[in-house]
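The block underneath contains the structure these notes are about, expressed in structure tokens.
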Amino acid sequence: MSATPTIWALIPIKGSGQGKSRLAGKLSAPERDALVDAMLRHVVSTADEARMVSRTVLVGPSRHGLDRGIPLIGDPGNGLNDALAHALGEIACAQERPDRLIVIAADLPCLTPLDLDLLAEAPHRSIAIAPDRHGTGTNALSLPLPEAAGFRFRYGTDSAAHHREEAERLGLNVETILSTGLEKDIDEPSDLVDAGQVYTIEH
Ligand SMILES: Nc1nc2c(ncn2[C@@H]2O[C@H](COP(=O)(O)OP(=O)(O)OP(=O)(O)O)[C@@H](O)[C@H]2O)c(=O)[nH]1
Ligand SMILES: O=C(O)[C@H](O)COP(=O)(O)O
């Protein structure tokens with residue numbers, strides 16, 4: 001590994017009109033789209049500001065109107081785990097591949113550049129996991145490459161525990177990162193209070 005490791009951020013994003021379906025009882029379809037776009041913009045600009053992150057890549061069906069300069073890896077259409085597996089395969093084989101890949105959810109309105117730098121600074125041969133506020137889901141993963149090129153994404157129920165098992169399977173250490181910015185994803189209507197960081201709901 002070079003003296004200054006190369007770190008990339010990978011952000012999975014569903015297509016327009018698909019995201020945040022669990023908020024349908026509280027927000028209209030245009031409101032959900034506006035929220036998804038605002039949170040994506042926040043996460044992308046936070047990655048741009050993070051000292052250690054040199055490139056940000058999206059995986060999904062579209063850029064949601066973001067600058068065409070941001071690389072987009074296509075989505076095979078079989079859900080989050082397949083989309084991330086496809087993107088990791090492309091990135092791990094790239095000629096300019098990074099030394100570490102941070103996979104970060106696009107629904108983190110309280111995320112700060114320091115949160116990404118913490119993920120970037122995980123020790124060599126360690127996978128860092130940032131759980132959600134319940135301690136069970138996974139909001140970010142920091143994967144060393146090439147050591148974690150074969151990492152199998154296990155998003156779904158109890159994904160944080162499954163991702164720890166996956167690190168063990170690969171013979172890698174695990175570091176758990178707890179921070180407000182990384183814990184507060186927006187899944188349920190009761191989480192919306194945190195979305196006020198990036199989005200105002202007007203009625
Ligand atoms: N590319 C891609 N991204 C996905 C997919 N499923 C989820 N994501 C993204 O993964 C992150 C975490 O997903 P969730 O917290 O479940 O968000 P969501 O899917 O918009 O929310 P719900 O529709 O309520 O489940 C968000 O950035 C989503 O946009 C998928 O199939 N493909
Ligand atoms: O494994 C997870 O953490 C979920 O599938 C994705 O996160 P969510 O709880 O934010 O939907």
Side-chain angles (χ1 to χ4, degrees), residues 9-47 56-66 70-91 101-111 115-116 119 127-143 151-167 176-178 180-192 194-195 198-199:
L10 174 67
I11 305 173
I13 187 75
K14 279 181 172 175
S16 295
Q18 308 295 309
K20 294 299 139 203
S21 54
R22 281 170 282 174
L23 301 181
K26 190 80 181 173
L27 299 182
S28 66
E31 285 175 326
R32 276 179 277 135
D33 270 350
L35 174 62
V36 166
D37 287 358
M39 292 196 292
L40 174 64
R41 274 169 178 68
H42 174 72
V43 173
V44 169
S45 66
T46 302
T56 300
V57 178
L58 300 181
V59 55
S62 87
R63 289 188 176 79
H64 288 250
L66 285 169
I70 188 164
L72 175 70
I73 297 176
D75 191 322
N78 299 317
L80 179 57
N81 289 321
D82 267 18
L84 289 172
H86 173 65
L88 177 61
E90 294 229 336
I91 289 169
L101 183 67
I102 297 173
V103 178
I104 182 103
D107 61 350
L108 301 173
C110 304
L111 187 72
D115 293 322
L116 289 169
L119 286 158
I127 288 181
I129 301 178
D132 65 7
R133 68 186 88 203
H134 311 290
T136 50
T138 307
N139 284 341
L141 287 166
S142 175
L143 304 176
F151 188 85
R152 294 187 207 137
F153 294 97
R154 305 278 301 276
Y155 286 91
T157 307
D158 291 333
S159 64
H162 291 308
H163 287 143
R164 284 188 195 99
E165 285 166 17
E166 189 53 20
T176 302
I177 300 196
L178 301 176
T180 303
L182 287 164
E183 282 175 353
K184 291 191 164 183
D185 59 345
I186 306 298
D187 289 331
E188 307 290 341
S190 59
D191 302 333
L192 277 170
D194 300 318
V198 297
Y199 181 71

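Treat the numbers as computed from the prediction; the structure is a model and nothing was measured. As the structure lists them, so they are numbered: ligands from 1, and atoms in each ligand from 1.
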Contact check: [X] vs ligand 2, nitrogen or oxygen atoms, below 3.5 angstrom:
X      : result
Asn139 : no
Thr138 : yes
Asp185 : yes

Provide the number and element of each atom of ligand 2 under 4.0 Å from a heavy atom of [X].
X      : result
Ser159 : 1 (O), 2 (C), 3 (O)
Gly137 : 3 (O)
Gly156 : 1 (O), 2 (C), 4 (C), 5 (O)

With respect to Arg133, which candidate in Asp187, Thr180, Asn139, Asp194 satisfies the side chain to side chain contact (heavy atoms under 4.5 Å, CB included) definition?
->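 Only one option passes, and that is Asp194.
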Could you tell me which non-hydrogen atom of [X] sits nearest to which non-hydrogen atom of [Y], and how far apart they are?
X      : Y      : result
Leu119 : Ser142 : O-OG, 2.8 Å
Ile177 : Ala128 : CD1-CB, 3.9 Å
Pro71  : Thr56  : CD-O, 3.2 Å
Pro109 : Ala195 : CG-CA, 3.9 Å
His162 : Thr157 : CD2-O, 3.3 Å

Hey, what do you get for [atom1] ([X]) to [atom2] ([Y]), rounding to the nearest 0.5 Å?
X      : Y      : atom1 : atom2 : answer
Leu84  : Leu141 : CG    : CG    : 8.5 Å
His64  : Ile70  : NE2   : CD1   : 11.0 Å
Ile13  : Leu80  : CD1   : CG    : 10.5 Å
Leu10  : Ile102 : CG    : CD1   : 10.5 Å
Tyr199 : Leu27  : OH    : CG    : 6.0 Å
Arg152 : His163 : CZ    : NE2   : 12.0 Å

Looking at atom 7 (O) of ligand 2, would you say a protein heavy atom lies below 4.0 Å from it?
->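 It does not: no protein heavy atom is found less than 4.0 Å away from atom 7 (O) of ligand 2.
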Which residue holds the protein heavy atom closest to atom 9 (O) of ligand 2, what is that atom called, and what is the gap in Å?
->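 Ranked first by proximity to atom 9 (O) of ligand 2 is Asp187 OD2, 3.3 Å.
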Parallel, tilted or perpendicular: ring planes of Tyr155 versus Phe153, cut at 30 and 60 degrees =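 Taking Phe153 first and then Tyr155, their aromatic rings lie parallel (interplane angle under 30°).
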Is there a polar contact, in the sense of an N or O pair closer than 3.5 Å, between [X] and ligand 1?
X      : value
Val59  : yes
Ala106 : yes
Leu80  : yes

Any idea which part of Arg22 is under 4.0 Å from ligand 2, heavy-atom wise: side chain, backbone, both or neither?
->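 Side chain only; the backbone of Arg22 stays clear of ligand 2.
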Tell me which part of Asn78 gets within contact of ligand 1: side chain, backbone, both or neither, using heavy atoms under 4.0 Å.
->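 Contact part for Asn78 vs ligand 1: neither.
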I need the atoms of ligand 1 closer than 4.0 Å to a non-hydrogen atom of [X], numbered in the order shown.
X      : value
Gly60  : 1 (N)
Ile13  : 1 (N), 2 (C), 3 (N), 29 (O)
Ser21  : 22 (P), 23 (O), 24 (O)
Asp75  : 1 (N), 2 (C), 30 (C), 32 (N)
Asp187 : 15 (O)
Asp107 : 15 (O)

Relative to [atom], which among [options] owns the nearest non-hydrogen atom?
atom                    : options                     : value
atom 31 (O) of ligand 1 : Gly79, Pro12, Ala83         : Gly79
atom 29 (O) of ligand 1 : Gln18, Glu188, His64, Lys14 : Lys14
atom 20 (O) of ligand 1 : Met39, Arg22, His86, Lys20  : Lys20

